[in-house]
Amino acid sequence: MTSNRDTEAALALHRFGFGPAPGSIAAIASDPRGALLADIMRPDAGLVAAGNLPNSAQAARAFFEYRAKRAAEQKLAQRAKQQAALNGNGASMSSGNATSANAQPAEPSADLDAQNEPANVGVQLVQNEAHVRIEAAVGAQIGFAERLVWFWSNHFCVSTDRIPSMAGAYEREAIRPHILGRFLDMLVAVESHPAMLFYLDNAESMGPDSVAGINRSRGLDENLAREALELHTLGVRSGYSQADVTNFAKVLTGWTFIGTGVPEHGGEFVFFERLHEPGDQIILAKHYFDTGMQQGLAVLADLARHPATARHIAQKLAVHFVADTPPPALVDKLTKTFSDSDGDLKEVAKALITAEESWTPQRGKLKRPSEWHVGALRLTGARGNVARFMVGQLRLGEPMWRPPAPSGYSDYESAWIDGLGQRADIASNFANRIADRLEPTSLVEQGLGPLASAETRDTIARAGSRAQALALLLMSPEFLRR
Amino acid sequence: MTTLHAPSRRQLLRASGTLFAWAYLPKLARAEGRDPRFLTIVLRGALDGLAVVAPVGDQDWISLRGDNALTLDGKTPALKLDDFFALNPAMPNLQRMFKDNEAIIVHAAATSYRERSHFDGQDVLESGVEKPGSIDSGWLNRALAGLAPEGAVIPNRRRAFAVGPVTPLVVRGPAPVLSWSPRQALPASDDTIMRLLELYRHTDPAFARVLENHSQLAALAQSGSVQKIPGGAQIMGPNAAQLRAYVAETVGAAAKFLAQPDGPRVGALPLDGWDTHFNEGIAAGRLAQLLGALDGALAAAKDNLGAAWHETVIVLVTEFGRTARINGTLGTDHGTATVMLLAGGALKGGRVVADWPGLKAADLLENRDLKPTVDVRGVLKGLLKDHLRADERILSTDVFPGSAAVKPVAGLVTAA
């Protein structure tokens, strides 16, 4: 019986958490499912202490200032260069040495650049936010709530490629407070967040018949409306038409933010009546009166309640946590809970961990690189620096907050399995750095416990060095899959 | 491969991040007008001593290892050392040093450890303590701490250094160390990949397929038929050239540190990957590649040390040896006695130090391993005493606790 409990505890940590830290299998073995429940019942579940981190508007303004200053400096430098060229043309022609000296800056030295340029504010903002995120994941007792944060953040993803300043703050502001609240609240927070409005181009969208649209001969951008339907709520091919997309885009016009160069309130959400397409709209055969911003909120409320949304979310959750092809009964249960509770995400999370189908002993689900990476830090107690983690994630093809498309990172094995070789490289380098002070055989117990196959134990026991043993442990199927 | 220019103090500081003042150095040796250098290379994974230095003069040699026995007239003939021993063909530089009296082979040597766990064996080897246990300092560090403190402070020479991403146990301890890491990281080794493949074949066919496909791709890429592996990053382990370059850079950098007039005098670095259970490749395969890389690194070290080579001893040690016989997968399993390799201009070289135990079944330890007849600690004590002038009493108490009965092997270095 004890051994069954241990197995379930290890399974709980790998499947629903960020993987075991030393001692955590034993810590929850008396009641693994109860421990998962307790993790999401904490009043601060999903939240992180923001400390000195700026909110998204402050961050955006700081980034704007930084870029403005750099642009000015570059202009000055450009002017000085032109002046020097005018003044010193003859002198430099007369000396071969001078010419070659002038040629040198054309090959910039990485070191010099790093010393002379002020730190990139965008990079710093992302790193500071990433630090908080990684600490929360690595330090969590189980990490179920944090896994939900990462799930929803990926579901409603933005990218630092487009909006480096806000990506981290966006997660703290629009995602974290709602992972165990109502889906509609998260949906509204997301679709009205400046990061999303910028990422999916709604900030500049204007109704063709709005005051601003007429004056500037500009019009709609459908990007956010389409992705909100296709990715955020109903799901692709769930019955909406192009007209629905266009009309929803009209509804969302005016959802924008104050320019980030504006002092005090730059970067904050604002509903700009002047951009808003006047008139009623029909979406999914329902009539929405033109009530300004309320019109959009009314559409979102209906989308959040739509049966297709419930099934879409249920399917994604089951695929993310349990299996690429999840048991249909599990998806049905989650769908029903989502609908019956009017999108209460705490109820949905509870349903996920209480459903018997979630506990299938088959552990075929390949962890995404980031989850695996965090799991390695947890198990070994290593606290790598943020930059190293980010570079590792880049090499593994999953740079943090930088998905290639608004659909976020894939949750399917086919997307990740070819990166196994890169994981082996990362695991080896990581192990070489830290394995010296670790005891691999005890880490097998702490990290896999009863999940470890005889073959895996044997392979690790026969490794040629501690570092190799640790690399093999991290690369074992039991550690790579959940 | 860009070669490192001689690292300045400034570079040392930048590379290590931390720096400690340290008021100990081989004072007595310096009083004799010498300035000895000492580098320890730990070969982790258990090196097959019989594959490095073969007892070709032993009448039981061929029957012991059959087709895998190195011989002087094989397809890849071993390199003759003396009438009895021959060196792996991948190590011509070491052979040259041996002929020039700059290398010593110690054979049938082992630490005090008689079990066969890598990790415990490495702990015993590097800690210098008789039995495995939790000790977090190494014999080399304690030896330095035991040297007489010098009155006058010469700031830059007073520290040991370690090369590699982790400070190896052998050099950890009370005496402050300085560490330096090669800039480039290697991809996972072929050995690690092969072990994973073996595991996946039994437990996860999908993973096995992926790694196999990538290994084929990588092989194609290395043969030049494919320009680049899709995805950019290297999938399979380093090829022979990469490995040679990496090991040469690592060992070569250590030598450059030692060569500096005001540089450190004692260092250590670990090299992994000697655990050859299957397809060992003694004369031409994997082990030969590794030994070739090591041999090239010794040559690089000699070059980089310049004149300081004549005051240098490099000692290569491994936790234990491997089975005397070849196993069922053309490799060797964990064993006991093995070789120690000593190289450097300060050696009284050109000799094999051995009390040969023989290879008949009855001569082998537990009818499987080369029987140890030399204690690794005796050799190390001899070097520390005669080369660095460490105090013999301290060597038997602090450095290798409980080793009073193990006498320092005398006459290894010219200064003795």
Side-chain angles (χ1 to χ4, degrees), chain A residues 111 363-364 366 388 391-392 394-397 413-414 416-442 452-481, chain B residues 14 42 44-46 117-119 122-123 126 134 136 164-169 172 181 185-189 191-193 195-196 198-211 213-215 217-218 229-237 270-277 319 333-334:
Chain A
D111 274 353
R363 299 174 64 245
L366 180 61
R388 185 175 271 154
V391 168
L394 186 63
R395 284 184 62 193
L396 292 168
E413 172 168 322
S414 54
W416 301 110
I417 192 166
D418 287 326
L420 213 56
Q422 280 91 333
R423 290 201 208 196
D425 293 348
I426 297 259
S428 287
N429 283 314
F430 174 72
N432 278 333
R433 268 201 321 277
I434 65 154
D436 227 30
R437 289 162 197 264
L438 298 172
E439 190 50 63
T441 41
S442 108
S453 69
E455 291 90 341
T456 290
R457 287 176 185 279
D458 198 40
T459 300
I460 294 166
R462 288 191 346 226
S465 64
R466 280 194 172 81
Q468 187 177 52
L470 179 57
L472 293 170
L473 166 57
L474 300 180
M475 289 303 291
S476 66
E478 298 93 320
F479 197 79
L480 283 161
R481 296 187 185 275
Chain B
R14 280 178 62 172
V42 182
R44 289 181 182 158
S117 149
H118 285 302
F119 317 130
Q122 287 159 13
D123 270 355
E126 296 189 41
S134 49
D136 201 34
V166 177
T167 304
L169 175 61
R172 293 207 295 252
S181 294
L186 274 187
S189 69
D191 180 47
T192 298
I193 296 289
R195 286 168 195 252
L196 284 175
E198 187 63 19
L199 173 62
Y200 294 165
R201 279 180 188 135
H202 290 103
T203 58
D204 203 312
F207 283 178
R209 252 190 327 273
V210 168
L211 272 199
N213 289 343
H214 282 313
S215 81
L217 263 181
I229 301 164
Q234 181 142 357
I235 309 302
M236 286 297 287
L271 291 174
D272 286 6
W274 306 94
D275 194 21
T276 49
H277 287 279
E319 66 261 34
D333 295 315
H334 300 181

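In what follows, every chain begins at residue 1, and chains take the letters A, B, ... in the order their sequences are listed. Owing to the predicted nature of the structure, the values given are computational and were not obtained by experimental measurement.
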Carboxylate-amine/guanidinium proximity below 4.0 Å for A:Arg481 and B:Asp204: yes
Note: A:Asp458-B:Arg195 ion pair, threshold 4.0 Å (strictly below): no
Interatomic distance, [X] atom [atom1] to [Y] atom [atom2] [nearest 0.5 angstrom]:
X        : Y        : atom1 : atom2 : answer
A:Ile417 : B:Phe207 : CD1   : CZ    : 5.5 Å
B:Leu196 : A:Arg423 : CG    : CZ    : 12.5 Å
A:Leu472 : B:Thr192 : CG    : OG1   : 5.5 Å

Criterion side chain to side chain contact (heavy atoms under 4.5 Å, CB included) on B:Tyr200 and A:Thr459, from CA distance to verdict: CA-CA 10 Å; B:Tyr200 294 165; A:Thr459 300; over 6 Å; no
Any residue meeting ring-ring contact (aromatic ring centres under 6.0 Å, His included) with B:Phe119, in chain and number order, not counting sequence neighbours: none
Using every non-hydrogen atom in the two residues, find where [X] and [Y] come nearest and quote the distance to one decimal.
X        : Y        : answer
B:Asp123 : A:Arg466 : OD2-NH2, 3.1 Å
A:Ser465 : B:Asp272 : OG-OD2, 3.3 Å
A:Gly464 : B:Gln122 : O-NE2, 3.1 Å

B:His118 side-chain N/O to A:Ala463 backbone N/O, donor-acceptor pair under 3.5 Å: yes
Donor-acceptor contact below 3.5 Å, side chain A:Asp425 vs main chain B:Ala188: yes
Pairs of heavy atoms under 4.5 Å with chain B: top-ranked of A:Gly397, A:Ser428, A:Pro477: A:Pro477
Contact origin within [X] toward chain B - heavy atom pairs under 4.5 Å:
X        : answer
A:Leu366 : side chain
A:Leu438 : neither
A:Ser453 : side chain
A:Ala467 : side chain
A:Glu478 : neither

Heavy-atom proximity to chain A below 4.5 Å, by part of B:Glu198: neither
Candidate pair A:Gln468 and B:Asp191, rule side chain to side chain contact (heavy atoms under 4.5 Å, CB included), full reasoning: CA-CA 9 Å; A:Gln468 187 177 52; B:Asp191 180 47; 2.8 Å; yes
